[in-house]
Amino acid sequence: MSDQNLQLLPDYEQRILVLNDLEFIDESSRVQLKGKVACEVRIPGLTPQPLLICFQIHSADELVLTELILDNVLADYEPAEIVALLSAFVFQENTDTVPNLTKNLETGMATIIAISEKVNAVQTLHQVILSADDSNDFVSRPRFGLMEVVYEWARGMSFKNITNLTDVLEGTIVRVITRLDETCREVKNAARIVGDPELFTKMQTCQEMIKRDITAVASLYM
């Protein structure tokens, strides 16, 4: 209720307009299916409330990932390809290595970029100012640098061999795969909400494929 908090009101109202345009909420700020999914892929198990949804969606990435799920984009890909595509949501470090991608993965990458540009356009329209951490820029920021690594890891390649595919540090690779397991679990929960048993099963398979060997160890110091 303080003056300082009231300064955030215009930004809050602009974000509400973005969510409304993208159909995450309706005209009365009631949370729609998209809104429930968006909260699930960021904060699993938390029931969204109409006035809190803006704060539960921590960045524009949740909006992009939700569109990816509800547009049924992931249905066209095998589990190994899905985790490779989802790596774009958890990897944001510079790399000089250009990943060698299959045609399917290149198509998926282009789809993610197109969805992110659509979300960005709506946010720009409503003058939502994003910080560097909130930006969902999938073009200028490094996002797809570990797609080949994750894809080959999911297909069973040894950790020693996947490290030869990139200049990214080994610890970063382990951290990305660990975070990917969490992301897969959240997408699986989202699939349950939207009633998509095929995606639910695929995400379960994704988790089983990537959670092995060094990435399944609770601590690297054990």
Side-chain angles (χ1 to χ4, degrees), residues 11 14-25 32-43 48 53-77 81-95 97-99 101-151 168 176 179-180 182-184 186-191 193-194 196 199 202-203 206:
D11 180 62
Q14 289 162 340
R15 289 172 186 267
I16 285 289
L17 292 173
V18 170
L19 294 176
N20 181 254
D21 277 9
L22 293 173
E23 299 181 351
F24 284 74
I25 59 177
Q32 303 300 294
L33 179 61
K34 274 189 178 182
K36 293 178 181 179
V37 172
C39 289
E40 190 69 28
V41 296
R42 186 63 179 90
I43 310 176
I53 188 171
C54 283
F55 306 105
Q56 291 182 7
I57 301 174
H58 288 190
S59 75
D61 280 5
E62 287 88 1
L63 305 182
V64 177
L65 184 51
T66 299
E67 296 283 353
L68 199 70
I69 295 169
L70 292 183
D71 284 353
N72 209 27
V73 172
L74 300 179
D76 297 330
Y77 298 91
E81 295 171 327
I82 291 175
V83 289
L85 293 173
L86 292 181
S87 70
F89 293 89
V90 298
F91 178 71
Q92 296 186 32
E93 295 190 19
N94 290 318
T95 172
T97 305
V98 179
L101 303 179
T102 64
K103 185 176 180 180
N104 248 15
L105 289 179
E106 288 180 347
T107 300
M109 183 173 68
T111 302
I112 291 174
I113 291 173
I115 292 174
S116 72
E117 289 178 342
K118 181 183 78 170
V119 172
N120 280 338
V122 176
Q123 293 184 117
T124 300
L125 174 67
H126 293 295
Q127 300 178 333
V128 173
I129 301 175
L130 299 176
S131 66
D133 292 335
D134 289 336
S135 173
N136 69 326
D137 190 346
F138 284 81
V139 179
S140 63
R141 298 179 68 188
R143 294 289 196 133
F144 303 101
L146 278 189
M147 281 183 66
E148 180 185 9
V149 168
V150 171
Y151 179 63
V168 174
V176 166
R179 291 182 61 193
L180 261 177
E182 298 172 3
T183 302
C184 288
E186 294 171 355
V187 174
K188 184 173 69 175
N189 289 339
I193 288 177
V194 301
D196 188 339
L199 179 59
K202 277 188 175 182
M203 299 317 301
C206 287

*Indicate yes or no: at least one non-hydrogen side-chain atom of I193 is less than 4.5 angstrom from one of L33.*
yes

*Using atom types as modelled and distance alone, determine if a side-chain donor or acceptor of K34 lies under 3.5 Å from a backbone N or O of E67.*
no

*Excluding sequence neighbours, so at least two apart, what forms side chain to side chain donor-acceptor pair (under 3.5 Å) with E93?*
R175

*How long is the span from the CD atom in E81 to the CG atom in D76, to the nearest 0.5 Å?*
9.5 Å

*Parallel under 30°, tilted from 30 to 60°, perpendicular over 60°: which one fits the rings of F138 and F89?*
perpendicular

*asked:* For a quick test of reading the model, state the closest non-hydrogen atom pair linking F144 to A88 and the distance between them.
replied: CE2-CB, 3.6 Å

*Could you walk me through whether D21 and L125 pass the side chain to side chain contact (heavy atoms under 4.5 Å, CB included) test, one step at a time?*
CA-CA 10 Å; D21 277 9; L125 174 67; 4.1 Å; yes

*Excluding sequence neighbours, so at least two apart, what forms side chain to side chain contact (heavy atoms under 4.5 Å, CB included) with T124?*
none

*asked:* With a 4.5 Å cut-off on side-chain heavy atoms, are Q14 and Q127 touching?
replied: yes

*Min side-chain heavy-atom separation V83-C184 under 4.5 Å*: yes

_Test item: K188 side-chain N/O and C206 main-chain N/O as donor-acceptor pair under 3.5 Å_ = no

_Smallest separation among heavy atoms of V37 and T66, with atom names_ = CG1-CG2, 3.8 Å

*Not counting sequence neighbours, which residues clear side chain to side chain contact (heavy atoms under 4.5 Å, CB included) with S87? List them please.*
M147, V150, L180

_Distance in Å, D61 CG paired with R143 CZ, rounded so as to fall on 0.5 Å steps_ = 4.0 Å

*Side-chain contact test, heavy atoms from C-beta onward, threshold under 4.5 Å: evaluate it for L86 versus M203 and give yes or no.*
yes

*Applying side-chain contact (heavy atoms from CB on, under 4.5 Å) between M109 and each of I112, I113, L105, report the one that passes.*
I113

*Under 4.5 Å between any side-chain heavy atoms of L74 and K202, yes or no?*
no

*Could you give the distance from CG (L19) to CD (Q32), rounded to the nearest 0.5 Å?*
11.5 Å

